[in-house]
Each structure stands twice: as C-alpha cells, then as structure tokens.
Number of protein chains: 2
Amino acid sequence: MAATLHDVAHLAGVSIKTVSNVINDYPHIRVQTREKVEAAIAELGYRPNLTARNLRSGRTGAISLALPELSLSYFAELADSVIVAAERRGMTVLIEQTGGDRARELEVLRSPRRQLTDGLLISALGLGQDDALLLEQPYPVVLLGERIFDGPTDHVTMRNVEAARAATEYLLARGRRRIAIIGAHEGEVIGSAGLRLRGHREALEAAAVPFDQDLIRCTALWHRSNGATSMRELLASGVRFDAVFAFNDTLALGAMRALQEAGIRIPYDVAVVGFDNLDESLYSLPSLTTVDPGREEIAETAVRVLLDRIEGKADPVVPPREIFAEFSIVERESTGVPG
Amino acid sequence: MAATLHDVAHLAGVSIKTVSNVINDYPHIRVQTREKVEAAIAELGYRPNLTARNLRSGRTGAISLALPELSLSYFAELADSVIVAAERRGMTVLIEQTGGDRARELEVLRSPRRQLTDGLLISALGLGQDDALLLEQPYPVVLLGERIFDGPTDHVTMRNVEAARAATEYLLARGRRRIAIIGAHEGEVIGSAGLRLRGHREALEAAAVPFDQDLIRCTALWHRSNGATSMRELLASGVRFDAVFAFNDTLALGAMRALQEAGIRIPYDVAVVGFDNLDESLYSLPSLTTVDPGREEIAETAVRVLLDRIEGKADPVVPPREIFAEFSIVERESTGVPG
DNA sequence: GGCTCACTGTACAACGTTGCAGGCAGCGAC
DNA sequence: GTCGCTGCCTGCAACGTTGTACAGTGAGCC
C-alpha cells in the first residue's frame, strides 16, 4: 500500500494539510517543520496520488492523441513529435488508434475516456466537413489534418494546396509534362487527396499543361501496397507518363518498387515525388524527393494551442483558429540529383 | 459543467446511490425506477467521472508503454500492436518515449505519472542486467526487450539467439560463407546485439565456418543512416563478404541502400537478411528476407501478463515469468527469390 | 400472527487530495 | 492594554464515485 499524506503527517507529527502545503511550496512554513516533513516523505517514499489530485483540481496532466494507426510512418513520426512537445510542457500523451474509421473517430470524441485527459488532439481521416459540428465537445479539442475546415475548434494543418502546387511546379520546371498522380480520392474536394489534387491541377493550368484523367489513380488507403498496386495498374493501362506525384511517401515508395520491378529507371524514365518527408525516404533507392509538410511545427503548434485552451489562456472568447505550417520541397535523387 | 450523479439523482427523484446502481447494473431495481433514471441520464447527457471512479476503485483503466522512440518503425509497430491488444481488453495506452536513455528509463520507472496508469510495459534499451533490481516497483511492471533477464518482473521477449542462429544457418544453407554483421555492440553479452551475435557465432561454429572479426560492424544506434554508414565503412575496408546479416530491418535497408550505391547486386553478389519483419521490408527493392520475431504475439502476451498482475490473478505468489515468442524466417528477394 | 426471505432503495463513509476559513502566538503601534 | 498584523499551522468540507450497512415492503410459510 502506497503512503498517503495522512501517513506522512502522522510520522512528522503535523497535520495532513501542512504536508500538503510543504509539497505545494506554500510559503509560510518554518524551516524546521519543512525539514521534518521532508524527512518523513523521504522515509516513507511518499508520492502524491495523482488521481486524487486530479479529482480535486480537475486537471489530469495528460492529453489524448487520436490518430489512424501508428504503423503508418507519418503518424508514428507525428506522434513522436507530439509526445516530445507535450513532454516539454510537462504533459503525457495517451494514444488512441481509430484506423481512420469515421465511427471510431466519433467514438473517440464521445468516449468517457476523454475524462482521463485534459484535451484531445484528433487527426481525423474518416470525419468529413459535414461532421464539423460534432467536434464541439465539452472539453478542448484541436483538429489535425485536412478533412474539416472552419469547424468549431482550433485547427492546425499544412498548406496542402500550395505544397502540392509547388511539387507539380517542381516537376514541370524539370521538363516533365505527363505527371501521374497516385492516391487520389474519387470526387473528394476537401481532404488531403482533394486538396493536393487541386494544387496539382492549379500548377498544370498555370503552365497550360493539359490535365489527363487517365493519369490519375485513386486509392483509398495510402499504404505501401496501395502505391505498388496503383503503379502496376497504371503500367498495365499503357498510359504514357514521365513523372509520378504520389500523395504521400509510402505510396511513392510502393510505386517506386513497382516501377523498378518493371525495369523503369528513376529518375531517367520517370521522376517521382512524394509527400511527408519520412525518415525512410532518405534511405530508399533512389532517395525520394518529397514535400516536407512541417510535421514538427504542426505538432509543436497543436500542443501549444491545445494547452492554451486547457489553461484558459485562450478563453471561449477567442474564436477557433486555423493555423498552417510552412512546407518545403526536399530535393533528392528520385527527380534527378541536384547540383 | 458536466452533470454528476447528484444532478441525475435530483432530476430522477431518487438517491444518488440508486443512480450509481443503475449505471453499474445492480440487479435489484424496479423497471420503473430504472427507466426514470435512464431518462434523467439521457436528458442531462451524464457521463461518469472516471477520475472519481478511479480514486474509489484504485484502477485507472490505462497502462503505460515506455519505449525508445516511435520514429523507429519497430517500436511504432510494437506500440500499434500493444494498443490494439490493450483496447481489446478495454484499456487505453499512455506512451512515454525514453530515447533508449538509461537515466530517462529510470525516471519513467519512478515518475509519479505511473499513478495515472495501472501498470507499466517497458521496452528498455539503456538499462542493463545490473539494473535488474530497479525494476522492482510498487506497481505491476512487465519488461520487454533483451537487456535484462531473470529480473524481478515478468518478461516477454523474443528468441534472439535461436532466431539469429536460424538466420545465419539460412545464409549458410544457401552457400554464403563470408557473412558480414551490422549492428553489433562492442563487448555486449546480454542485449539484442549480444544475443544475436551469439546466435550467429553458434551457427558458424556448428557449420565449422571460421569467425572473422573484420566482418563485424558495430553501431550503437540502429537507424537507417547507421546501416548505410556501416556498410560504407565495410566496403571501404576492402574486406570480402557475400552476405550481410543486419541486426534489424532498418539497418538492413540502410545497408542495402549503400550496397546498391556501390553497384553491388543483391542477392547475386551479396545476400541480405534483416530482423524485425517491418512492413516496409516487404516493399523495399529488393524485398528483404528477415526474421519475424513474433511482434504481435509479444504485444498480446505482454498485455495479458500485465493485466493478470493488475487484476491480481497472478498474485505476488506467482514468480516472475520469462515468456518467449515464436520466431520465423520470412524469405524474400534479398537472399534470392524462393521457389 | 410472527417468522424468514427476497426485493428495492437509502444513508453514510471513504478513496487522497486541496481550498477556505480560521486559530493562535508574537510583535509593533497606539 | 488592546488592536491589528504577519507568520505558521490546523480542521473541515469538498471533488464524484462506490462499498457497506441497513431500512422498509411484501410474499410465502409454519
């Protein structure tokens, strides 16, 4: 049985409240008393019961992070950054996996488990713009990702349209004209796929390069296998292309794998650009040119904004904010070695 | 302000305890009463306060998982499996990153945050056999990994020696005789590197193949970049080899990258075997032959064993157990396409 | 009629902590 | 001498829940 304030108070011969005062650095305590209490604490190996403290204070010192799955490298790296940012501010992170499933995302929002934490960071894949109002919850929520805009909560995300436009412009500038897309979502307007496709089309239009529907491959999931499968389909379709813009790095890596199986040379025959700047994209063969969406900045900002709400610094008065991280293009071998 | 039992009781015109009884499915309640209470619950949108419940019950419904970092794919996949296993049993998972640093691992063991969860699953990299006794804590702990054996807690791990021996035997069976090792740790006996090296040497010995120290590359960290660097060093050293056994997949992928940069053909010139069976090893080019250490089985078992301790099923009486997951060799292209 | 027993519901205390109000001693000012 | 202040410490109540003890009601049985 763990020691309680009561045990310490008894041993030190003071009241329970005095022990509490010592622990909480209440100023008016005689040095002598403080030492007695500290000795008792040390002797009993007393540690405050956080659950009881939480019950009194209403704060838990933890935040929840809901994301599709950690097996997806992007989310693993995001979780890493979030945990680091949270720890820097003395918070722990509880992780929930939703599989990107709308029903499970809603469940996470409504789960009584939310009471174990002070707020929720949710990276949604299943929710859509129509679900925006469901984000309104009796606790602080910060939304990540690009499924919902102008919702009732703070929102931290990346510049999808601009970044995708920059990626396509980058390929166009290197003389590529037939750019295949992997990872599109049929009919999607909002969402990573929809926004990135829009950026792509904007770049084509600005350069007066015709858009060809045959170059677009849809795949709901963005795992490596989906990238490989899409590329095999593309090759089987016989459509001609000299570049691939995959909507994330895992798709790109799967696609590169399929390209090379088919004996196609990267970047000589086909240039490849990904999105996410995963660690592994630096070590693929060839290394992958990709869009760095500012993952650490997103994590850092999201945690800061959530804590602002939790601590009431940004009271309900402050309207929900939309914050965009800065992106950059990381140039590597898959588009031709630079310099 | 969230509704409490008190509010519900008031609205339903019953005592607070009756509401509690309804919620906890206490059997002797009149249908009529139950309905009244349920209506009040629905009207107020009442959700039980988990913190208060935890304080009463001493249980939190969460477990902690401490691991080096989620950016390492192996740990991300492990965390995924642990979260899934925990969820299946109604538990949530709080993640702490230690960076594999001994001091931070000790901090995790002693942190008052442990009180936010019912037990700890710790995958240590920094702790060593001498630290075994420090695992003795006033809450349930299950150790993962291979830094400490016969410690005071339950321990779930993989068959490192046997798996590594099998990997080397596999290469030997395919006619490889000069097997380079990447990821060794100088002088280590216990620990993934030490054990895997032992398995490797056992296989060599059994086959009467001489052990050559020049083929061993040490690297403390097992990131992709370390694999690439080690391989470049190996190539620069001029030592002759026809196979590589990397002590994890990320090292192997980095090494393959460096091999291919040097124009060496895999598996024709050099066969490569990794360890971990990461998802990405299936999509590298060539795909990577690897040891599947039974990650899901480890996660599943670890969660089960921890919950057994938490629920007191396996009371202190039961001595700490050492549990080993079954491994298998996953044969892919990096050692020559099978069949 | 009095007994037991099964139902149905209530009151109270407790989990370990902290906010609040207040007590008491000592001291300087009037 | 007393008033008011500061410094130090204490007791009580409360956070929201659940376990224990118990009270009342009605049915069934001797």
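So you know, we letter chains A, B, ... as the sequences are listed, proteins then strands, and number each from 1.
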* Asked: So, is A:Thr4 close to the C:dG16 phosphate, meaning a side-chain N or O under 4.0 Å from OP1 or OP2?
  -> no
* Structure fact -> Of the listed C:dT17, D:dC15, D:dT17, the closest approach to the B:Arg56 side chain comes from D:dT17
For [X] and [Y], which heavy atoms make the closest approach, and how far apart are they?
| X | Y | answer |
| --- | --- | --- |
| B:Ile148 | B:Ile190 | N-CG2, 4.3 Å |
| B:Ala85 | B:Glu300 | CB-OE1, 3.6 Å |
| B:Asn49 | A:Gln115 | CA-OE1, 2.8 Å |
| A:Val8 | A:Val37 | CG1-O, 4.2 Å |
| A:Tyr74 | A:Met158 | OH-CE, 3.3 Å |

* Heavy atoms from other residues, nucleotides or ligands near CD of A:Glu38 exceed 12 (cutoff 6.0 Å) -> yes
* Asked: Crowded around A:His10 NE2? As in, over 12 foreign heavy atoms under 6.0 Å?
  -> no
Tell me: [atom1] of [X] to [atom2] of [N], nearest whole Å?
| X | N | atom1 | atom2 | answer |
| --- | --- | --- | --- | --- |
| B:Asp7 | D:dC15 | CG | C1' | 13 Å |
| B:Ile16 | C:dA14 | CD1 | P | 17 Å |
| B:Leu5 | D:dT18 | CG | C1' | 9 Å |
| B:His10 | C:dT10 | NE2 | P | 14 Å |
| B:Leu55 | C:dT18 | CG | P | 12 Å |
| A:His6 | D:dG11 | NE2 | C1' | 12 Å |
| A:Asn54 | C:dG19 | CG | P | 13 Å |
| B:Asn49 | D:dT18 | CG | C1' | 13 Å |

* Please identify each residue that fulfils side-chain contact (heavy atoms from CB on, under 4.5 Å) with B:Glu87, with sequence neighbours left out. => A:Glu96, A:Arg104, A:Arg113
* Side-chain-base donor-acceptor pair under 3.5 Å for A:Arg53 and C:dT17 -> no
* Any donor and acceptor pair, going by atom type alone, linking the side chain of A:Glu105 with main-chain N or O of A:Ala124 inside 3.5 Å? -> no
* Going by heavy atoms closer than 4.0 Å, what residues in residues 17-35 of chain A are next to DNA chain D? -> A:Lys17, A:Thr18, A:Asn21, A:Tyr26, A:His28, A:Ile29, A:Arg30, A:Thr33
* Give the angle between the helix axes at the two ends of the helix from C:dG1-D:dC30 to C:dC30-D:dG1, taking five base pairs at each end and rounding to 10°. => 70°
